[in-house]
2 protein chains.
Amino acid sequence: MADQQNVCPRFHRAVELIGKRWTGAIIRILQNGRARFNSIAAAIPELSDRMLAERLRELENERIIARTVIPETPVRVEYELTEKGKALDAAFCAIARWAETWVEPASEPTKEAAPALSETVVADR
Amino acid sequence: MADQQNVCPRFHRAVELIGKRWTGAIIRILQNGRARFNSIAAAIPELSDRMLAERLRELENERIIARTVIPETPVRVEYELTEKGKALDAAFCAIARWAETWVEPASEPTKEAAPALSETVVADR
DNA sequence: CGGGATCCGAAAGGATACTG
DNA sequence: CAGTATCCTTTCGGATCCCG
């Protein structure tokens with residue numbers, strides 16, 4: 001019957017952290033190596049500069065990514081995962097595997113085709 | 001150097017789905033068995049009824065949970081994970097493991113104690 | 001290039017009251 | 001018990017301009 005204890009606060013923080021809008025995508029990109037601001041922006045076209053900057057700062061505050069300034073002209077700024085960030089790899093792989101199996105790539109193209117939830121009613125148990 | 005291809009849309013959908021506010025916690029609760037509306041609500045005190053109802057409907061539309069109505073008086077409604085929902089278990093376990101290692105349980109209690117990000121500047125590379 | 005500052009409309013979310 | 005409806009506040013996020 002599974003009576004519920006409260007959700008583990010650590011888990012809750014974690015899932016709300018990596019699940020926050022765009023952070024998943026950003027981390028995913030940094031998982032194949034360090035990248036520059038515009039490089040990340042180019043990989044996520046729907047994401048505005050402002051949002052990207054905001055999310056990068058948040059992730060930096062969480063110590064998931066590290067920011068490195070290289071004072072050339074023009075300046076170059078690189079982002080990369082910290083140890084904490086790299087440790088997320090296993091979790092992200094697990095999510096990716098689930099997505100491959102269960103999530104259709106496109107959005108809902110055949111709206112009529114979907115069987116429209118059947119109300120499951122049980123006489124008794 | 002890791003030049004970026006776009007983020008896999010399946011992965012992106014998945015992470016934004018399970019990462020949406022509260023959905024992680026709700027799924028987590030259902031992972032130890034089916035539960036009723038008020039039971040879930042009790043396990044997540046910060047979550048309002050309206051939000052819970054909304055998230056449950058969304059998860060039902062995604063076929064991650066199933067809703068069963070048992071017409072007693074008063075009515076009883078039970079929620080449980082579908083196969084798609086149960087398949088999330090591995091991913092959630094991976095996240096939980098990461099959280100145990102890297103996320104402190106409480107929020108930031110010692111605000112001054114935090115060393116306040118060091119600006120990493122590299123002379124050159 | 002890599003952002004920060006500001007403005008503003010849209011959307012999410014909380015509080016409360018009510019219903020079958 | 002399991003929600004809906006309504007209102008109202010807060011936040012999110014896009015657009016635009018600016019700076020070192």
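Within every chain, numbering begins at 1; the chains are lettered A, B, ... in the order of the sequence lines, protein sequences first and strands thereafter. Keep in mind the model is a prediction, meaning the values are calculated, not measured.
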Is it true that B:Lys20 and B:Glu58 have a side-chain N and a carboxylate O under 4.0 angstrom from each other?
yes
Can you measure [X] atom [atom1] to [N] atom [atom2] for me and round it to whole angstrom units?
X: A:Glu72; N: C:dC1; atom1: CD; atom2: C1'; answer: 11 Å
X: B:Glu16; N: C:dA12; atom1: CD; atom2: C1'; answer: 15 Å
X: A:Asp49; N: C:dG2; atom1: CG; atom2: P; answer: 10 Å
X: B:Leu56; N: C:dG13; atom1: CG; atom2: P; answer: 14 Å
X: B:Lys20; N: C:dA12; atom1: NZ; atom2: C1'; answer: 9 Å

Pairing residues for [X] by the side chain to side chain contact (heavy atoms under 4.5 Å, CB included) criterion, not counting sequence neighbours:
X: B:Asn38; answer: none
X: B:Asn61; answer: A:Leu117
X: A:Ala42; answer: none
X: B:Leu52; answer: B:Ile26, B:Phe37, B:Ile40, B:Ala41, B:Leu47, B:Leu56

On DNA chain D, does the nearest nucleotide to B:Asn38 precede the nearest nucleotide to B:Glu54 from the 5' side, or the other way round? Give the residue.
B:Asn38
I'd like a table of atom pairs between the protein and nucleotides 14-16 of chain C - only N or O on both sides, under 3.5 Å - with the distance next to each one.
{"unit_1": "C:dG14", "atom_1": "N7", "unit_2": "B:Arg50", "atom_2": "NH2", "d": "3.3"}

[X]: salt bridge (Lys or Arg N to Asp or Glu O under 4.0 Å) partners, not counting sequence neighbours:
X: B:Arg21; result: A:Glu16
X: B:Arg28; result: none
X: A:Arg50; result: A:Glu54
X: A:Glu83; result: A:Lys86

Nucleotide range of DNA chain D lying under 4.0 Å from chain B heavy atoms
D:dC1 to D:dT6
The helix from C:dC1-D:dG20 to C:dG20-D:dC1: angle between terminal helix axes, five bp per end, to the nearest 10 degrees, reads 60°
With sequence neighbours left out, write down each residue that passes ring-ring contact (aromatic ring centres under 6.0 Å, His included) with A:Tyr79, or none if nothing qualifies.
none
DNA chain C: 5'-proximal contact among B:Arg55 and A:Val77 (nearest heavy atom):
A:Val77
Any chance you could measure B:Thr23, atom OG1, to B:Leu17, atom CG, to the nearest 0.5 Å?
6.5 Å
